[in-house]
Every structure is written in structure tokens, then in C-alpha cells.
Undergrad: 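Before I ask anything, here is the structure I am working with.
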Amino acid sequence: MPNKPLSSLTAARYGKAKVRVFRIVRQDKWHHIVEYNVEALLEGDLESSYTEADNSVVRVFTSLIRVIRRYLAKISPYILNPEKFALHLGTFFVSKYAHIHKAFVTIEQLRWARIPVEKGNLKEHPHAFYRDGDDKRVVKVEVDASKGKDKLVGRVSAGISDLLVLKSTGSKFEGFIRDEYTTLVEVDDRIFSTSVDLEYTFSEIALKAPGDAGKLQFVAPEQEVPERARRATLEVFAEDESASVQATLYKMAQRIIAENVHIQTVTYTLPNKHYIPVDMKYIGVDNLTPYLSKAEVFTPVAAPSGLISATISRKQG
Ligand SMILES: O=c1[nH]c(=O)c2[nH]c(=O)[nH]c2[nH]1
């Protein structure tokens, strides 16, 4: 009697991560550039590669990179737009290979801004750029062919990672539960600093195969959404008289939903990066009275941090 197997493969995805690509689009002397880190993962009839050591279903990693580079360099008209480019690439994978049913493409876009100049009527340099922030624009796309190769569905989310912000007043934290474990004192004036991680999702979209690239439709006035979302995040953070990280997060998300009709959900994940007032009595300096709110010298604490995450969804109907 053969032994009954105790386990089976229930989920599998493979592909290539951290493919770095840089692209120039020349409009005569006016250049556009993008720098992306691309990840492409595939799902499909790949079980045998795990269970039978059958590599005939597996695309090798170097060939995945070649596809990504070729699409970027020569084929996709969407290279300057990471949402559309990710959809285009994902659509290629599920269309070309019969046994691939889903493609997951994640693009992280690094910041390059034009260097400001006063040159004739130009305000920005046509081909010189600088890194104007460590935050990244992140785009995640799923292209789903499981209902048929002619019924492709695209699921798109996008957002920001690593946007570091700090305000030195305009933030309190009071009225929380007190019990025998509580040591935190209430503060009506504190530093608020966080590294913003934002993800917003759009409604599902129907896609055509890449042969029909011109018909790849995207739901939003996509040029403006990332900039509007970033501005909403920064302005609400700056201007809110913050009662807590939670309350400020909620206001940021509400504004993004209000300003972008195609966005369905907004998720923020915000570490509360602590700055601890330093007790300087030992060198004869009073840094702590009245406690906290008048402190001028702080120790930034990398860890531990608080961590606050919430999803705010558009009401249907
Ligand atoms: O804005 C805050 N929210 C919390 O949930 C919390 N918890 C904490 O200790 N400090 C803070 N601050």
C-alpha cells in the first residue's frame, strides 16, 4: 500500500525581483528619465516544477529580465508611467504563455527631479536631474487571466514608501487608557515624526492583450493621482492639529478618497518615530520643565517605534 501523502502544494509564485532599469526618452533636447526597481512574479500551472522537479514549465530568471528590459527599452509606449507599464508587462506574460494565469508586477520608482535653472525662458534644466527625496512611488499590478486569455482583469494599487516627515509642534496625545502598566504621560505638545507608507487601490479594469497596446485603458487621470496623493499626505500632516497618529492618518485618507474618484481604498502604515527629551540636569541644564513641551534637546530613537495602520474605504452606492 503506497503511503497517503501528508501534504500538497497550495500556493506558488516565482519570478525575478529587484531588476534595476533606467530609461531616457528624448524629446529632441528635452529629456525624460525614469529609474525603476521591477519585480515580476508569475502564477500558473507550475505545480510539477515543485512536485516532480519538472523544469519544462519554468521560465529562467535571466529570460524574465530580458523581457522586462526589452519592454522597457523598445516595446512599451508606457515606460514613463509605472502603472501602465506594469499592466503592459503583466499582460504580456499571461498572453504569451498558455500555462501562466496570473502575473504580479511591482515597480518602485526612484525620485529624479529636474534641476531648477534660470536659462532663457526655461525654469528647469532639460537634461540635468537631482534626487529630491528618498521616498519612492510604488505601483503593484496583478494581471489575472484565470477567466480566459481574452478576459483579462487588471488590479492596480499604488502609493508611496519611505516618505520621512516631522513636525516640531501641533501634535498631542492625551486621554488614553491608564492602568497599572501605563508609564506614558499625557502631552499637549510633542514631536510627531513618521515614515509614510501609503497604498491606494483602484477598481478592477478590463484589459486587452499587448498586441492591442493602444487600447490598454487605465481608470484614472493617472498623471495627477500620485502627485495629489503625495500633496494631500504632506499638507494634512503639516496643517492638522494632531490629536494622535490615528486621527491624522484618518484625515489624510479621507482627503485622498475625496480628491480621487477612482480610488476605492486607502491604507496608511505609519510608524510613530519617537524623540525622547533628554534629562540634562547632570550638566546643570533644565531641559524638562514644564515636562516635555518645553524640551529643546531630544534623542531620536530608531527602535522601538509605535506602528499604526488603517484602511479607509470609499462607501459604495
Ligand atoms: O498618536 C499616538 N497614538 C498611539 O496609539 C500611541 N501610543 C503611544 O504610546 N503613543 C501614541 N501616540
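Note that these values count all heavy atoms, side chains included, but never hydrogens, waters or copies made by symmetry. These figures come from a predicted structure and were not determined experimentally. Atoms within each ligand, like the ligands themselves, are counted from 1 in listed order.
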Undergrad: If you round to the nearest 0.5 Å, how far is OG1 of Thr201 from CZ of Arg314?
TA: 10.0 Å
Undergrad: Tell me, please, which residues at least two apart from Ala247 pass side chain to side chain contact (heavy atoms under 4.5 Å, CB included).
TA: Ala243, Ser244
Undergrad: If you link I, L, V, M, F, W and Y whenever their side-chain heavy atoms are under 4.5 Å apart, who else ends up in the same group as Phe129?
TA: Phe22, Ile24, Ile33, Trp112
Undergrad: Near ligand 1, which protein residues have a heavy atom under 4.0 Å away?
TA: Phe173, Leu184, Arg190, Ser244, Val245, Gln246, Asn272, Ile308
Undergrad: Looking at His88 versus Tyr78, is the centre-to-centre ring distance below 6.0 Å?
TA: yes
Undergrad: What residues form a side chain to side chain contact (heavy atoms under 4.5 Å, CB included) with Ala98, not counting sequence neighbours?
TA: none
Undergrad: With rounding to the nearest 0.5 Å, note down the distance linking CD in Glu142 to CZ in Arg155.
TA: 4.5 Å
